[in-house]
Amino acid sequence: EMPLVCLTDFEVQAREQLSKTSWDFINGGADEGITREDNIAAFKKIRLRPRYLRDVSEVDTRTTILGEEISAPIGISPTGFHTIACPDGEMSTARAAQAAGVCYITSTFASCSFEDIVAAAPGGLRWFQLYVQSDQQLNKQLVQRVESLGFKALVVTVDAPVVGNRRHDIRNGLDLKRNLMLTDLRSPALAYSRDSNFLQRNSIPSLQTSAPSPYFSWNDLSWFQSLTRLPIILKGILTKEDAELAVKHNVQGIVVSNHGGRQLDEVPSSIDALTEVVTAVNGKLEVYLDGGVRTGNDVLKALALGAKCVFLGRPILWGLACKGEHGVRDVLNILKNELHTSMALTGCRSIAEINRNLIQFSRL
Ligand SMILES: Cc1cc2nc3c(=O)[nH]c(=O)nc-3n(C[C@H](O)[C@H](O)[C@H](O)COP(=O)(O)O)c2cc1C
């Protein structure tokens, strides 16, 4: 067996492990996949300006997000249905995140109950990703339930008023709305516990059929703020206009994201949209990024351009598909080690020393 030494190695092996339908669901983008590819390519256009002779014998990757300490500015983006990648699903993800000392944003569409996820790793830092539902009562129940379970923030996804057009899923006959996830997505190559009914195990049975609400708008935010003391983070903001509205509506954070290129195609890559958002919020709230982060240099670049932390979507599912909990641990540790090396090689001894001078703007 080939050792898995970088995140791309996990991608190659995960593809071999998963059924075509599962792979396409995880890997795919919307429409022509332009943004999905741009997310990776845009990082590769950026060049670094290293500083030397700064005694990098000790490099500290620790930082904070909303006041909580994390071992590195790397976390887990919300992705649904982890049982398609490994039998223990989100429980494995939660354990790996806790072991690595990073934040795990749990998806509304988790395939394990939120209670089970919390019980699997009681000491881990978790945020809850909310797809706002059309049913207000359900929104209220959900928010209060995750708050009492110890989730530390509400990550409200804003870029999915309707579901993007994913051609592979349509060709493969995958219909999330009709609960075909279980039968169609489970790889026959993997040993799943067949007795555990997906719908019963799911946290909110009715949620499987209820898509995100297309009605949700800026005016509804204050209702959520009145419901909970949790900080609110908006995930999927790409423009200065929306960033300014986020500040005006007193949210605590923004995840610059295009949903991994799975929603509106032909929007900017995350790393290209970052500066516009960082400039607009002018330090009034924390800005994070997800989309296309695959190496330590990518993390360094996002931080240099103003992100407080980056999050990983697909690489976590690759880790799960290859080696379950240990695969996710490996993915996180590989990226943390790469960041450590990138920092040492650019002369950054702490996260605070990462700044715009690391970026070669003349080339962009
Ligand atoms: C299989 C899959 C499922 C996802 N499910 C969700 C979800 O439930 N909620 C959400 O806000 N974003 C979801 N996303 C988007 C991710 O949170 C994230 O924005 C994206 O994957 C980041 O890009 P990356 O995969 O290049 O790291 C999903 C992405 C993938 C690939």
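Counting starts at 1 for both ligands and their atoms, in listed order. Keep in mind that what you see is a predicted model, and the values were worked out from it rather than measured.
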Open item on the list: With a sphere of 6.0 Å drawn around NZ of Lys248, does it hold more than 12 non-hydrogen atoms of other residues, nucleotides or ligands?
Closed with: no
TODO: Start with the C-alpha gap between Thr21 and Asp24, add the side-chain angles, then the distance that decides, and say whether side chain to side chain donor-acceptor pair (under 3.5 Å) holds.
DONE: CA-CA 5 Å; Thr21 303; Asp24 286 349; over 6 Å; no
TODO: Would you please determine whether Phe81 falls within less than 4.0 Å of ligand 1 on a heavy-atom basis?
DONE: no
Open item on the list: If we only consider heavy atoms of Asn39, is any one of them less than 4.0 Å away from an atom in ligand 1?
Closed with: no
Task: Contact with ligand 1 for Arg36, non-hydrogen, under 4.0 angstrom - done: no
Open item on the list: Among Tyr104, Phe109, Phe128, which residue satisfies the ring-ring contact (aromatic ring centres under 6.0 Å, His included) criterion with Phe114?
Closed with: Phe128
TODO: Between Arg262, Lys235, Gln129, flag the one that comes closest to atom 12 (N) of ligand 1 by a heavy atom.
DONE: Lys235
- [ ] Tell me which protein heavy atom sits closest to atom 15 (C) of ligand 1, plus the residue, atom name and distance to 0.1 Å.
- [x] His259 CD2, 3.4 Å
- [ ] Any chance you could measure Thr106, atom OG1, to Ile76, atom CD1, to the nearest 0.5 Å?
- [x] 8.5 Å
Task: Atoms of ligand 1, numbered as shown, that sit under 4.0 Å from any heavy atom of Ile26 - done: 1 (C), 31 (C)
Task: Trp127/Tyr288 aromatic ring centres below 6.0 Å - done: yes
TODO: Examine Pro315 against ligand 1 and note whether any of their N/O atoms are separated by less than 3.5 Å.
DONE: no
Open item on the list: Is it true that, when you exclude Arg49 itself, more than 12 heavy atoms of the residues, nucleotides or ligands shown sit nearer than 6.0 Å to its CZ?
Closed with: no
TODO: Select one of side chain, backbone, both or neither to describe which atoms of Gln263 lie under 4.0 Å from any atom of ligand 1, heavy atoms only.
DONE: neither
Open item on the list: Give the atom numbers and elements of ligand 1 that come within less than 4.0 Å of a heavy atom of Asp290.
Closed with: 17 (O), 18 (C), 19 (O), 22 (C)
TODO: With heavy atoms only and a cut-off of under 4.0 Å, state how Val255 meets ligand 1: side chain, backbone, both or neither.
DONE: neither
- [ ] Measure Thr157 to ligand 1 on non-hydrogen atoms and call it side chain, backbone, both or neither using the 4.0 Å cut-off.
- [x] side chain
Open item on the list: Quick test of your reading of the structure: of Tyr131, Phe109, Trp318, whose heavy atom lies closest to atom 9 (N) of ligand 1?
Closed with: Tyr131
Task: Leu66 side chain near Glu286 side chain, heavy-atom distance below 4.5 Å - done: yes
Open item on the list: So, 4.0 Å and heavy atoms of Leu317: is ligand 1 close enough to count as a contact?
Closed with: yes
- [ ] Considering heavy atoms of the protein only, find what lies nearest to atom 8 (O) of ligand 1 and give residue, atom and distance to 0.1 Å.
- [x] Ser107 OG, 2.7 Å
TODO: Can you pull out the closest protein heavy atom to atom 4 (C) of ligand 1? Residue, atom name and distance to 0.1 Å, please.
DONE: Thr79 CA, 3.5 Å
- [ ] Answer yes if Ile40 and Leu48 sit in the same cluster of Ile, Leu, Val, Met, Phe, Trp and Tyr residues linked by side chain heavy atoms under 4.5 Å apart, and no otherwise.
- [x] no
Open item on the list: I need the atoms of ligand 1 closer than 4.0 Å to a non-hydrogen atom of Gly80, numbered in the order shown.
Closed with: 3 (C), 4 (C), 5 (N), 8 (O)
Task: Where ligand 1 meets Ser257 - atom numbers and elements under 4.0 angstrom, heavy-atom basis - done: 19 (O)
Open item on the list: Once rounded to the nearest 0.5 Å, what's the spacing between atom CZ of Arg329 and atom NZ of Lys323?
Closed with: 11.0 Å
Open item on the list: Below 4.0 Å from ligand 1: does a non-hydrogen atom of Thr108 turn up there or not?
Closed with: no
Open item on the list: Would you say CZ of Arg47 has more than 12 non-hydrogen atoms from neighbouring residues, nucleotides or ligands within 6.0 angstrom?
Closed with: yes
Task: Partner of Ile232 by side chain to side chain contact (heavy atoms under 4.5 Å, CB included), out of Leu130, Leu285, Val156, Val155 - done: Val156
Task: Side-chain heavy-atom pair Leu125, Ile65 within 4.5 angstrom cut-off - done: yes
TODO: Indicate yes or no: does an N/O atom of Gly313 lie under 3.5 Å from an N/O atom of ligand 1?
DONE: yes
Task: Closest approach of any protein heavy atom to atom 26 (O) of ligand 1, naming residue and atom - done: Arg294 NH2, 2.7 Å
Open item on the list: Can you check which of Pro78, Ala160, Gly260 brings a heavy atom nearest to atom 16 (C) of ligand 1?
Closed with: Pro78
Open item on the list: Suppose we measure from atom 23 (O) of ligand 1 to each protein heavy atom; which comes out shortest, and what is that distance?
Closed with: Gly291 CA, 3.3 Å
Task: Reference residue Asp159; test side chain to side chain donor-acceptor pair (under 3.5 Å); the match among Gln263, Arg262, His259 - done: His259
